[in-house]
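Please read these numbers as outputs of a predicted model, since none were measured by experiment. As a basis for the values below, the full set of heavy atoms in this structure was taken, side chains included, without hydrogen atoms, waters or symmetry mates. Naming convention: chains lettered A, B, ... in sequence-line order (proteins, then strands); numbering from 1 in each chain.
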Amino acid sequence: MKLEPLLWGIFSAGGTIAAFVLPIHIFLNNVAPQLGWISADVVSYNTMANLLSHQLVKIYIICTFIMMFYYAVHRFSFVPQELLFNISHKTTARVGQVLLSIFAVATLIIVIAAP
Amino acid sequence: MSSQPDKITDHSSRYRVPVTDSRLWWLKNRRYLSFMLRELSVLGVAIFLVVYLVQFAVLTSGQENYNQFLNFMKNPFWIAANVIFLAFAVLHSITWFNLVPVVTPVKIKGKEISRFILWGMGLIFWAGVSVIIAGIIMTFS
């Protein structure tokens with residue numbers, strides 16, 4: 001398939017983005033403020049609304065989120081076969097495409113609509 | 001009659017595809033276990049991204065809802081889950097930067113740059129990007 005190298009290329013780009021930005025985002029949004037390590041202002045309504053009002057931030061979120069989700073879906077689509085379940089990769093890849101499409105549309109709508 | 005091929009115990013070739021009947025083949029050595037943990041870690045990535053999107057959606061629906069969401073994210077279950085996601089994300093970053101010099105070796109004037117240096121540069125860029133992102137978010141808070 002000619003598409004195969006492209007798919008792995010996007011996977012690789014998504015994995016690289018995840019390697020660079022994912023730990024800091026999880027830490028700052030979901031771990032540090034909740035455990036009281038840093039001020040809860042970091043995740044406050046005003047902070048988030050301010051950040052999301054910037055077009056560059058919106059573009060950043062849309063691009064990185066969709067790429068990282070693609071990375072996750074593509075990687076996970078091989079797991080059923082690796083665990084010897086009797087499902088073809090064609091099927092799991094198709095499921096992945098559907099999930100990715102829903103995620104991408106939801107990301108676009110939610111991020112563009114954000115205040 | 002049917003002698004079970006136990007090829008999984010032969011580690012003489014590093015890149016041999018294991019042939020096995022056992023669904024738990026990845027528990028047989030640390031290399032396989034690390035591989036499978038990284039495969040499964042993308043579940044954490046997907047859940048984190050979806051929950052973050054929900055956070056943005058709730059943000060749009062108003063301050064009261066958003067504060068309720070923040071309270072909900074403080075329950076021990078979510079904190080524990082997020083600590084695990086963070087650990088996996090860090091594992092992914094470190095192993096990804098281990099991999100980069102192998103997949104994309106860099107040559108300058110015909111001389112190959114040592115993998116150790118490329119790996120170190122990956123980690124330094126990672127730290128730099130993390131500091132920049134943290135700085136931007138902190139500036140707004």
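In this structure Ala19(A) satisfies the side-chain contact (heavy atoms from CB on, under 4.5 Å) test together with His92(B), Ser93(B), Trp96(B), Phe97(B), sequence neighbours excluded. Every residue two or more places apart in sequence or in another chain was checked for a side-chain hydrogen bond (donor to acceptor under 3.5 Å, both in side chains) with Trp78(B), and none qualifies.
Proximity of Tyr66(B) to Met48(A): side-chain heavy atoms (C-beta onward) are separated by under 4.5 Å at one or more points. Asn30(A) is not listed as a side-chain neighbour of Phe85(B), based on a closest heavy-atom distance of 4.5 Å or more. Between Leu83(A) and Trp26(B), the closest side-chain pair of non-hydrogen atoms falls below 4.5 Å.
For the residue pair Gln34(A)/Asn82(B), the side-chain donor-acceptor check at 3.5 Å is not satisfied.
Residue contact with chain B, scored on non-hydrogen atoms closer than 4.5 Å, is absent for His74(A). Proximity to chain B (any heavy atom under 4.5 Å) is restricted, for Leu28(A), to the side chain, taken from C-beta onward. With a threshold of 4.5 angstrom between heavy atoms, Leu51(A) approaches chain B through its backbone and through its side chain. Only the backbone of Ser44(A) comes within less than 4.5 Å of a heavy atom in chain B; its side chain stays farther off. Ser39(A) does not touch chain B: none of its heavy atoms, backbone or side chain, sits under 4.5 Å away. Of the two parts of Leu99(A), neither the backbone nor the side chain holds a non-hydrogen atom closer than 4.5 Å to a non-hydrogen atom of chain B.
Among the residues in residues 84-94 of chain A, those with a non-hydrogen atom closer than 4.5 angstrom to a non-hydrogen atom of chain B are Leu84(A), Phe85(A). Heavy-atom proximity under 4.5 angstrom to chain A picks out Leu40(B), Val42(B), Leu43(B), Val45(B), Ala46(B), Phe48(B), Leu49(B), Val50(B), Tyr52(B), Leu53(B) from residues 40-53 of chain B.
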